[in-house]
Chemist: 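Following this message is one structure expressed as structure tokens.
What you are looking at is a predicted structure, and each value in this text was computed from that prediction instead of being measured.
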Amino acid sequence: QVRLEESGGGSVQAGGSLRLSCTASKFTQPNSCMGWFRQAPGKEREAVAVINTPGGSSYYVNTVEGRFTISQDNPKRTAYLEMSSLKPEDTATYYCVAHPFPCYDDTWTAQVLYNWWGKGTQVTVSS
């Protein structure tokens with residue numbers, strides 16, 4: 001079983017920045033996909049961004065592209081989500097996700113593909 005441990009998050013005013021980190025307890029395959037989904041109160045869970053590790057190709061939902069940057073450090077089994085120009089609509093619980101094969105442009109948003117999920121970390125953006 002792979003455990004995903006998230007850190008970061010918190011409260012910030014609109015326009016501010018936060019960084020999320022997610023570390024996997026192990027990788028079961030040499031190529032994996034890590035990233036984040038989020039869920040706001042009363043809304044469906046949505047994919048935010050994912051990245052291949054190693055390799056680094058990444059995918060973003062259009063509402064965060066240009067504001068969020070995902071990166072990875074394969075030896076540390078860690079992915080990072082740098083969030084800037086935050087908006088109140090970014091307020092949500094952010095869940096780290098991973099699966100033991102590469103992520104691809106046409107499937108990365110499918111929740112069912114992700115074998116492992118973190119417990120979630122809260123991000124609150126006030127106006």
Side-chain angles (χ1 to χ4, degrees):
Q1 180 70 11
V2 174
R3 295 187 309 276
L4 301 177
E5 185 171 345
E6 300 138 329
S7 61
S11 297
V12 66
Q13 290 192 326
S17 301
L18 286 171
R19 186 175 88 155
L20 305 182
S21 300
C22 175
T23 299
S25 58
K26 61 182 177 180
F27 285 146
T28 60
Q29 297 293 333
N31 297 288
S32 299
C33 176
M34 296 182 71
W36 276 267
F37 278 63
R38 68 185 179 186
Q39 187 167 23
K43 295 189 177 181
E44 293 187 355
R45 191 175 297 177
E46 66 168 349
V48 177
V50 298
I51 190 166
N52 283 313
T53 179
S57 53
S58 56
Y59 306 98
Y60 299 88
V61 68
N62 57 6
T63 53
V64 308
E65 199 150 15
R67 300 188 297 121
F68 291 11
T69 302
I70 192 169
S71 59
Q72 54 86 27
D73 185 332
N74 184 261
K76 294 184 178 179
R77 302 186 304 279
T78 299
Y80 305 95
L81 186 67
E82 299 277 359
M83 305 183 291
S84 61
S85 301
L86 282 161
K87 303 176 181 180
E89 50 264 43
D90 294 316
T91 295
T93 301
Y94 284 68
Y95 297 92
C96 180
V97 297
H99 60 55
F101 48 90
C103 33
Y104 298 102
D105 187 32
D106 58 345
T107 58
W108 72 276
T109 62
Q111 297 185 44
V112 67
L113 294 178
Y114 295 90
N115 304 63
W116 305 299
W117 291 73
K119 294 181 178 180
T121 186
Q122 181 66 35
V123 171
T124 302
V125 184
S126 57
S127 57

Chemist: If you compare all heavy atoms of Pro88 against all heavy atoms of Ser127, which two are closest, and at what distance to 0.1 Å?
Modeler: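 Looks like CG-CB, 3.9 Å.
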Chemist: Could you measure the distance from the OG1 atom of Thr78 to the CG atom of Asp73? Nearest 0.5 Å is fine.
Modeler: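 Atom-to-atom, Thr78:OG1 and Asp73:CG are 6.5 Å apart.
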Chemist: Please report the closest heavy-atom contact between Cys22 and Trp36, naming both atoms and the distance.
Modeler: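 Scanning both residues completely, I find the closest heavy atoms to be CB-CZ2, 3.6 Å.
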Chemist: Taking atom OH of Tyr80 and atom CD of Gln72, what is their separation to the nearest 0.5 Å?
Modeler: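 Going from the OH atom of Tyr80 to the CD atom of Gln72 covers 9.5 Å.
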Chemist: Just distance, no hydrogens or angles: give the donor-acceptor pairs under 3.5 Å from side chains in residues 7-21, sequence neighbours left out.
Modeler:
none

Chemist: Quick one: closest heavy-atom pair of Tyr95 and Gly120, and the distance?
Modeler: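 Closest approach of Tyr95 to Gly120, heavy atoms only: CD2-CA, 3.6 Å.
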Chemist: Pair up each side-chain donor or acceptor in residues 103-116 with any protein partner under 3.5 Å, not counting sequence neighbours, and list the distances.
Modeler:
residue: Gln111; atom: NE2; partner: Arg45; partner atom: O; Å: 3.3
residue: Tyr114; atom: OH; partner: Trp108; partner atom: O; Å: 2.5

Chemist: How close do Asn31 and Pro54 get, counting heavy atoms only, and between which atoms?
Modeler: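 Closest approach of Asn31 to Pro54: OD1-CD, 3.9 Å.
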Chemist: Roughly how far apart are Leu4 CG and Met34 CE, rounded to 0.5 Å?
Modeler: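 One gets 5.5 Å once the value is rounded to the nearest 0.5 Å.
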Chemist: Linking I/L/V/M/F/W/Y whenever their side-chain heavy atoms sit closer than 4.5 Å, directly or via other members, would Trp117 and Val50 fall into one cluster?
Modeler: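 Yes: a chain of side-chain contacts under 4.5 Å links Trp117 to Val50.
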Chemist: Report yes if some heavy atom in the side chain of Met83 is under 4.5 Å from a heavy atom in the side chain of Asp90; otherwise report no.
Modeler: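 They are not in contact (no side-chain heavy atoms under 4.5 Å apart), so the answer is no.
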Chemist: What distance do Glu6 atom CD and Gln122 atom CD have between them, rounded to the nearest 0.5 Å?
Modeler: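 Taking CD in Glu6 and CD in Gln122, the distance rounds to 11.5 Å.
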Chemist: Would you confirm whether Arg67, through its side chain, and Ser85, through its main-chain N or O, come within 3.5 Å as a donor-acceptor pair?
Modeler: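 Such a contact is found between Arg67 side chain and Ser85 backbone.
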Chemist: Cluster question for you: counting only ILVMFWY and a side-chain heavy-atom cut-off of under 4.5 Å, with indirect links fine, are Val97 and Phe101 together?
Modeler: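 Yes, because Val97 and Phe101 connect within a single hydrophobic cluster, where side-chain heavy atoms sit under 4.5 Å apart.
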Chemist: For the atom pair CG (Leu86) and OG1 (Thr91), what is the distance rounded to the nearest 0.5 Å?
Modeler: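 If we round to the nearest 0.5 Å, Leu86:CG and Thr91:OG1 are 8.5 Å apart.
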Chemist: Could you give the distance from OG (Ser58) to CG (Leu81), rounded to the nearest 0.5 Å?
Modeler: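 Output value for this atom pair is 10.5 Å.
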Chemist: Do you know the tightest heavy-atom contact between Ala49 and Tyr60?
Modeler: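 Looking at all heavy atoms of both residues, the closest pair is CB-CD2, 3.6 Å.
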